[in-house]
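Quick notes on the structure that follows.
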Amino acid sequence: MLLFDDYWKKIFESIRAVYPEVNEGDIALDRSGHCDLTFRAFQVMKKRALSPDAVYSQVKEVLGNEDFMEKIESVGGYVNFTLKPSKLMEAIWKEMEGTSRYPDIFQDPERVSVEHTSTNPTGPIHIGRIRNSIIGDSLARLIDRYGYRVTTQYFINDSGKQVASLYAGYRKFVNSDNPTVYDLLEGYKKANEEMEAGTDMNSDVEQILRDYEKGEPETIEGIKKACTVVLDSINASLSRLGIHIDDYTWESDLIRAGDVDRIMEDLEEDLEEEEGARYIMSNGRKMFLTRKDGTSLYFLRDIAYHLYKFQNFDWLIDVLGENHKEHAGHIEYVTKDLLSQEHRLDFVFYSYVSLESGKMSTRKGQIVTLDELYERAVEESLNVVKVKRPELPEEKLNEIAQSVAVSAIRFHILKLNANKPMVFKWSEALNLEGDSAPFVMYSYARASSIMRKLEGQSHSIGADYNKEEGALIRQLYLYPFVLTESLKGLKPENIANYLLELTRKFNDFYTNCPVINAPQEERERRVLIINAYRTIIKDAANIVGMKILEEM
RNA sequence: GGGCCCGUGGCCUAGUCUGGAUAAGGCACCGUCCUUCUAAGUCGGUGAUCGUGGGUUCGAAUCCCACCGGGCCCGCCA
């Protein structure tokens with residue numbers, strides 16, 4: 001069995017034997033729909049003053065007899081290679097037959113940490129933060145698909161000003177021993193209003209911070225209690241999207257366990273001081289680690305956290321908002337250059353989500369919560385499925401609506417390139433047609449429906465594929481390359497876009513290639529194609545966190 | 001002021017890393033197809049100075065420079 005890589009290599013080497021000057025980039029996967037692989041002969045033609053026909057016949061001479069080659073064509077300055085779909089199908093099927101996976105070659109025992117979400121526990125999670133969660137969770141799934149041992153991580157800020165004001169607001173404005181997340185959010189908003197107005201709320205908050213770092217039990221209990229209420233709400237919301245986080249690290253634990261102090265000792269030589277506050281120089285900037293009263297700053301606690309991760313993992317990935325770019329650079333400098341950590345460290349940044357009315361702000365209460373989005377998405381899906389499938393029992397309808405809602409939300413947020421700013425619009429988020437999760441899911445359900453009707457049907461690789469079959473097979477075949485590119489660039493959005501492309505190819509196939517009533521030979525090879533398609537859709541959909549349905 | 005990111009039909013995007021063929025989709029709008037496997041689908045149509053101006057190249061949405069517009073950062077906040 002040969003993979004595209006091998007076919008590419010074979011073609012590259014054969015052509016290079018004739019024209020030693022060709023570059024690797026001159027032989028490429030075609031993206032314009034003309035063929036599978038193409039040789040761009042412009043340089044060779046120019047250098048050797050050859051006509052396209054002359055190049056074509058020389059290439060044909062060395063590659064024309066390969067058994068994997070369907071045809072070689074000359075178009076302008078291109079020499080186009082089309083491979084036999086049966087060879088591609090054979091490669092897919094050989095891999096899939098025993099394992100139900102394509103590709104089945106990945107395995108890596110390294111331990112990987114994916115830190116995502118890590119939002120301050122000051123209110124319910126909103127649709128801006130979930131961009132982080134969705135990217136992070138999908139990345140973790142992608143890396144897990146490669147066979148790495150993945151752990152997802154959440155760093156809980158329970159020792160900064162934000163949570164101190166959450167607690168201050170709770171103490172002053174919330175009259176409940178069992179507050180809800182919304183009670184706490186109200187108190188937090190009021191506390192922030194007062195701080196902006198310049199009341200003595202400011203000194204209250206500072207006092208809380210000092211008490212906390214000193215280990216004053218009542219303050220510690222109070223803050224933890226407030227944070228836990230918020231964190232429970234965040235986790236409950238995330239779990240509706242199928243997002244589960246494995247490990248939680250509280251900032252305060254790193255302070256009390258002495259991690260933070262040990263780092264100050266390790267950095268001794270690099271520390272400088274200004275009015276009692278300590279800092280290090282990083283990239284020409286003073287990066288403060290402690291305040292003049294000796295309490296730790298986020299930068300120091302985050303260094304401690306990364307050190308903890310470096311000790312337990314071979315590869316660290318942090319998913320961070322774009323506002324953390326500078327911060328990340330400093331973390332990298334300190335841990336790698338000053339503290340000599342050698343494991344791999346990568347950052348994935350994403351741009352912010354805003355509303356049409358402007359920025360979101362938990363502090364000001366200007367947010368769309370994940371819960372609200374989820375509930376509206378379920379409602380919308382339910383309305384649609386009730387019309388489409390009135391015969392289904394209510395329980396089934398609800399199940400479909402929930403799967404569609406989760407998938408649609410995740411897909412909508414994920415498919416956009418992470419460093420593009422996103423303006424959230426209800427009409428787009430709740431659109432269940434076009435380039436959306438239900439578009440993908442629906443095609444899958446139709447494929448499954450065919451298979452149910454052909455239970456026990458035999459299949460075969462066959463030959464003489466038509467245009468739509470060939471295009472679909474090629475797209476299936478490309479899956480491992482998409483996975484590899486996606487991992488290499490840490491871009492799970494590639495998988496979402498691949499799913500759309502694959503679905504379009506399947507829909508072409510579906511409308512043009514009857515299966516159930518086809519003659520035996522056609523039917524058998526189409527059964528095989530559908531099997532492969534369903535396997536890959538399930539695999540890819542799982543990576544982006546979609547819930548695929550057999551029927552909808 | 002300095003740094004990073006984004007700019008592709010009316011709206012939302014893919015393609016940019018690694019330059020290559022008539023710039024690929026979706027939404028909206030107009031029209032088509034349910035007595036063939038689920039119409040959340042299909043097919044056709046309208047609609048693009050790829051932010052602007054230079055440069056490199058046989059060839060630029062893609063690389064380089066400048067500028068414009070939007071976002072983010074430049075705290076003893078996180």
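Chain letters run A, B, ... following the sequence lines, proteins first and then strands; every chain starts at 1. As the structure is a prediction and not an experimental result, all values here were calculated from the model.
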>> Can you check the distance between B:A66 and B:U62, where both ends of the measurement are the P atom (answer in whole Å)?
In response: 16 Å
>> Would you measure the distance from the C1' atom in B:G15 across to the matching atom in B:C29 and give it in whole Å?
In response: 26 Å
> Does A:K359 put a side-chain nitrogen or oxygen below 4.0 Å from OP1 or OP2 of B:C72?
Replying inline: yes
Would you indicate what [X] reaches in the nucleic acid, counting non-hydrogen atoms under 4.0 angstrom: base, sugar-phosphate, or nothing?
X      : answer
A:N80  : base
A:D508 : sugar-phosphate
A:E275 : base

I'd like a table of atom pairs between the protein and nucleotides 46-48 of chain B - only N or O on both sides, under 3.5 Å - with the distance next to each one.
none

>> With the 90 degree cut-off around zero defining syn, does B:C67 come out syn or anti?
In response: anti
> For the side chain of A:D30 and the base of B:A21, is some donor closer than 3.5 Å to an acceptor across the two?
Replying inline: yes
> With a 3.5 Å cut-off and just heavy-atom distances, do the side chain of A:T38 and the base of B:A21 make a donor-acceptor pair?
Replying inline: yes
Under 5.5 Å centre to centre and under 30° between planes: does that hold for [X] and the six-membered base ring of [N]?
X      : N     : answer
A:H34  : B:A21 : yes
A:Y510 : B:G41 : no
A:F439 : B:A40 : no

> Given A:N120, which of A:T362, A:D158, A:N157 fulfils the side chain to side chain donor-acceptor pair (under 3.5 Å) condition?
Replying inline: A:N157
>> Which helical stems does RNA chain B take part in, if a stem means at least 3 consecutive Watson-Crick or G-U pairs with both distances below 3.5 Å?
In response: B:1-7 with B:68-74, B:10-13 with B:24-27, B:29-31 with B:43-45, B:51-55 with B:63-67
